[in-house]
Amino acid sequence: MDKQSQAGKQFYITTAIDYVNGQPHVGHSYEKVITDVITRARRSLGESVFFLTGLDEHGQKVQQAAQAEGKTPQEYCDELAQSWKALWRTLQLSNVDFVRTSESRHRQVVQATLSKLQSTGYFYKAEYRGFYSTRQETFLTEKDRLPDGTFDPIYGEVTNLIEENYYFKLKDQQQWLIDYIIANPDFIAPDYRRNEVLGFLRNNTLEDLCITRPAARLSWGIPLPFDADYVTYVWFDALVNYISIPAAHGDPLLLEALPELKFEPRGLSLWPADIHVIGKDILKFHAVYWPIMLKAIGLPLPKQILTHGFWQKDGEKISKSTGNIVDPIAVINEWGIDAFRFYVTRELAIGPDGNWTDAGFQSRYQAELANGIGNLVNRSLSMLKRYRNGQVPEKHSELAQDSAIAVAQVERQFRANELQGALQTIWSLITRANQYVDQTAPFKLAKDPAQAQRLDEVLYNLAETCRIIAVLTWPFLPGTAVKIYAQLGLGTIPERLADARWGMLKPGDVIGEPAALFPRKDQPKTS
Ligand code: ME8
C-alpha cells in the first residue's frame with residue numbers, strides 16, 4: 001500500500017502479551033508503564049496513538065492449571081484476565097484495546113494466516129524424534145544438554161518423543177532478514193540488541209519452526225484450519241495478536257493481505273506497528289520469527305522492536321518460588337500509583353537491566369517527589385495563595401528561557417523514547433525553580449511593601465513553571481499533572497506539549513487549593 005493510502009495511519013504501539021497464568025510482577029508492570037508513557041508522550045505531541053496490550057492464554061500449562069482447579073481453561077482464563085485488567089487500570093494504562101488470545105476475533109486471524117501460509121507452500125508435515133520439555137513447551141536437541149549431560153532444570157522433566165507436526169520453512173529466509181536489519185538500523189533497538197540478533201543470524205542456520213502440537217496432547221489452543229488433529233503452537237498464535245486486533249478493527253492493509261477475513265473494513269489504519277515493546281528474553285521471537293512470518297503473509301515489518309532489560313530485586317532474579325518479588329499493588333497501596341510509575345521509568349532506561357531496592361525507591365520518593373516536585377508546587381502555590389489571595393499576578397519571564405530549553409529537550413527525548421532522559425531534564429527544571437525560590441526568597445519580599453512588584457514577578461515565574469512542569473510530567477505522572485492543573489485553578493488536562501509555552505497562565509485568574517502532592521514520609525518503613 002502506498003504512502004497516500006496510509007495517510008490516516010495512527011501511531012500503533014504494542015506490549016508483549018503476558019502469560020495469563022503468571023504472577024504480574026514489576027517486570028510486566030514496567031513494560032506496560034513505559035509503553036503507556038511513550039503512548040501519552042506521542043499523544044502529547046499531537047499524534048493519534050493506538051496502544052494495545054493483552055494476554056497470552058493458550059498452552060499446556062494453562063490447560064493443566066485449569067484442570068487442577070476443576071475449571072475449563074476458558075473459565076480459568078476469564079477469572080485471571082479480570083485481575084490483570086484490574087492491575088492495568090490501577091496503573092492508569094491508556095490502552096485502546098486489550099487482546100486475549102482465546103477471543104474469536106484473534107482466532108479468526110490466526111486461522112486465516114495459517115490457511116494462507118499453507119496454501120502458499122510455507123508449511124510441511126514431518127515426524128519429529130527427540131526430546132521435549134513439557135514445562136517450557138519446547139523441543140530440545142543434543143545442543144541443549146549441559147556439560148554434565150543433563151538438561152537445565154528450567155526445562156523440568158524432559159521426555160523422549162516421536163510425533164508428527166507441521167513445520168514452517170525458515171531455511172531460505174536468513175539472508176534477506178540480515179540485509180533488512182542492516183539496511184534499517186532503527187528496526188531493533190537498542191543497538192546492542194540489534195548486534196545480538198545479527199550475530200545470531202550470521203552464526204547459526206535457522207531450524208524450521210514447529211508450528212503445531214497434536215490436539216490429542218493439547219486441546220487448549222487454536223485448531224489448525226486444515227487439520228483438526230492439531231492446534232497452533234503458542235508462539236505462532238501469540239505473535240499474530242499484533243495484527244489480529246488491527247484486522248478486527250478493519251485495517252484495510254490487513255484485510256487485503258488476508259482476504260478470507262470477514263471483518264468490516266473501517267478505514268482504521270494501524271499496520272505496520274510503529275513500536276513493539278518487549279523484554280530481552282523474547283527478542284528472537286520478535287526479531288527473527290515474526291518478521292519471517294510477516295514477509296510470508298505479504299505484510300511490511302514493524303518499524304521498531306524496542307527491547308527493554310530485566311528487573312531484579314536486591315540483585316537477585318525475581319522469582320515467585322523464592323519469594324523474591326516486588327508486588328506492584330502493595331507498592332501502589334503504600335506510595336501511590338505515580339510514585340511507582342516514576343520510580344520504574346526514572347531508575348531504568350529502556351535497554352539495560354535494573355535492580356529494584358526498597359531503599360532506592362524510598363530515597364527517590366523523598367528526594368525527587370516529596371522534596372523535588374512536591375515541595376516546589378506546594379510552596380509556590382501556597383505563597384501565591386497567602387500573599388496574593390491566589391490571584392495570578394502580571395506576566396513575567398525570568399524562568400522562560402530555562403523552561404523553553406527544557407521543553408525543547410523533552411520534546412526531542414519523547415521522539416527518541418528517552419524516557420529516563422526526559423525525566424532528568426524535567427527534574428533539572430524543578431531543581432532550577434526550587435533554587436529560584438531560595439535565591440529570590442519571596443517570604444522575605446513579602447515582608448517589605450516596597451518589594452511588592454518583585455514579589456509579583458517571582459510568584460508569576462513560579463506558578464507558570466509549575467504549570468509547564470505539569471504539562472511535561474503528564475505522560476509519566478498523569479494523576480499528579482492533573483492535580484497540579486487543578487491546584488492552579490485550570491479546568492483542563494495538561495495533555496498537550498504545545499501548552500508548555502511560556503506565558504499561558506493568565507494574570508487575574510484565581511488558583512485553587514494547594515495540597516501536598518507527595519506527602520513526606522519521615523520515617524520510611526524498611527521491609
Ligand atoms: O513471554 N523484568 O510472556 P511473559 C522485565 N507470552 N521484564 C520482564 C521480566 C523482568 N523480570 N519478566 C518478564 C511471554 N518480563 C509471552 C509473550 S508476545 C507475542 C508473547 C517481560 O508473561 C518479558 O520480557 O513471560 C515480556 O516482554 C513480558 O514481560 C511478558 O512476559
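We count ligands from 1, going down the list as the structure has it; atoms in each ligand are counted the same way.
Only the side chain of W235 comes within contact range of ligand 1, with a heavy atom under 4.0 Å; no backbone atom does. Of the heavy atoms in Y30, none comes closer than 4.0 Å to ligand 1. Heavy atoms of Q312 found under 4.0 angstrom from ligand 1: none, in either backbone or side chain.
Of the listed residues (Y122, Y124, Y166), just one forms a side-chain hydrogen bond (donor to acceptor under 3.5 Å, both in side chains) with D208, and that residue is Y124. When each of H58, R107, Q74 is paired with S102, the side-chain hydrogen bond (donor to acceptor under 3.5 Å, both in side chains) condition holds for Q74 and for no other.
Relative orientation of the F476 and F414 rings is tilted, given thresholds of 30° and 60° on the angle between their planes. Note on ring orientation: taking the six-membered ring where Trp is involved, the planes of Y30 and H308 are perpendicular (angle over 60°, cut-offs 30° and 60°). By the 30° and 60° cut-offs, the orientation of the rings of W427 relative to F342 is tilted.
Aromatic ring centroids of W84 and F98 lie 6.0 Å or more apart. Taking the six-membered ring where the residue is Trp, the centroids of F361 and W356 are separated by under 6.0 Å.
Nearest protein heavy-atom neighbour of atom 17 (C) of ligand 1: I17 O, 3.2 Å. Considering only non-hydrogen protein atoms, atom 7 (N) of ligand 1 sits nearest to H308 CE1, 3.2 Å. If you check which protein heavy atom lies closest to atom 1 (O) of ligand 1, you get I282 CG2, 3.6 Å. Considering only non-hydrogen protein atoms, atom 2 (N) of ligand 1 sits nearest to W311 N, 2.9 Å. At the shortest separation from atom 30 (C) of ligand 1 among protein heavy atoms lies D18 OD1, 3.0 Å. In terms of protein heavy-atom proximity, atom 29 (O) of ligand 1 is closest to H28 CD2, 3.4 Å.
With 3.5 Å as the limit, one finds a donor-acceptor pair spanning the side chains of T480 and D338. Side-chain atoms of T35 and E31 form no donor-acceptor pair, as typed in the model, at a separation below 3.5 Å.
Looking at ligand 1, you won't find any N or O of N241 less than 3.5 Å from one of its N or O atoms. Checked by distance only, ligand 1 and E31 come closer than 3.5 Å through their nitrogen or oxygen atoms. Close N/O approach between D56 and ligand 1 is found [any backbone or side-chain N/O within under 3.5 Å]. Looking at I318 next to ligand 1, no N or O pair under 3.5 Å apart turns up. Considering backbone and side-chain N/O atoms, L239 never comes within less than 3.5 Å of an N/O atom of ligand 1. Not one N or O of Y242 is nearer than 3.5 Å to an N or O of ligand 1, by distance alone.
By heavy-atom distance, the residue among F285, Y19, F310 lying nearest atom 15 (N) of ligand 1 is F310.
A heavy-atom distance below 4.5 Å is found between the side chains of K71 and E79.
Comment: R194 does not engage D186 in a salt bridge, judged by the lack of any side-chain N to carboxylate O separation of less than 4.0 angstrom. Between D18 and K32 there is a salt bridge, since a side-chain N of the basic residue sits under 4.0 Å from a carboxylate O of the acidic one.
Interface of A238 with ligand 1, defined as ligand atoms under 4.0 Å from a residue heavy atom, comprises 19 (C). Heavy-atom contacts of D281 reach the following atoms of ligand 1: 23 (C), 24 (O) (cutoff under 4.0 Å). Under a 4.0 Å criterion applied to the non-hydrogen atoms of G279, ligand 1 contributes the atoms 24 (O), 27 (O). Against a heavy-atom cut-off of under 4.0 Å, G309 is close to the following atoms of ligand 1: 5 (C).
Within a 6.0 Å radius of CD in E207, other residues, nucleotides and ligands contribute 12 heavy atoms or fewer.
Residue H25 places a heavy atom under 4.0 Å from ligand 1.
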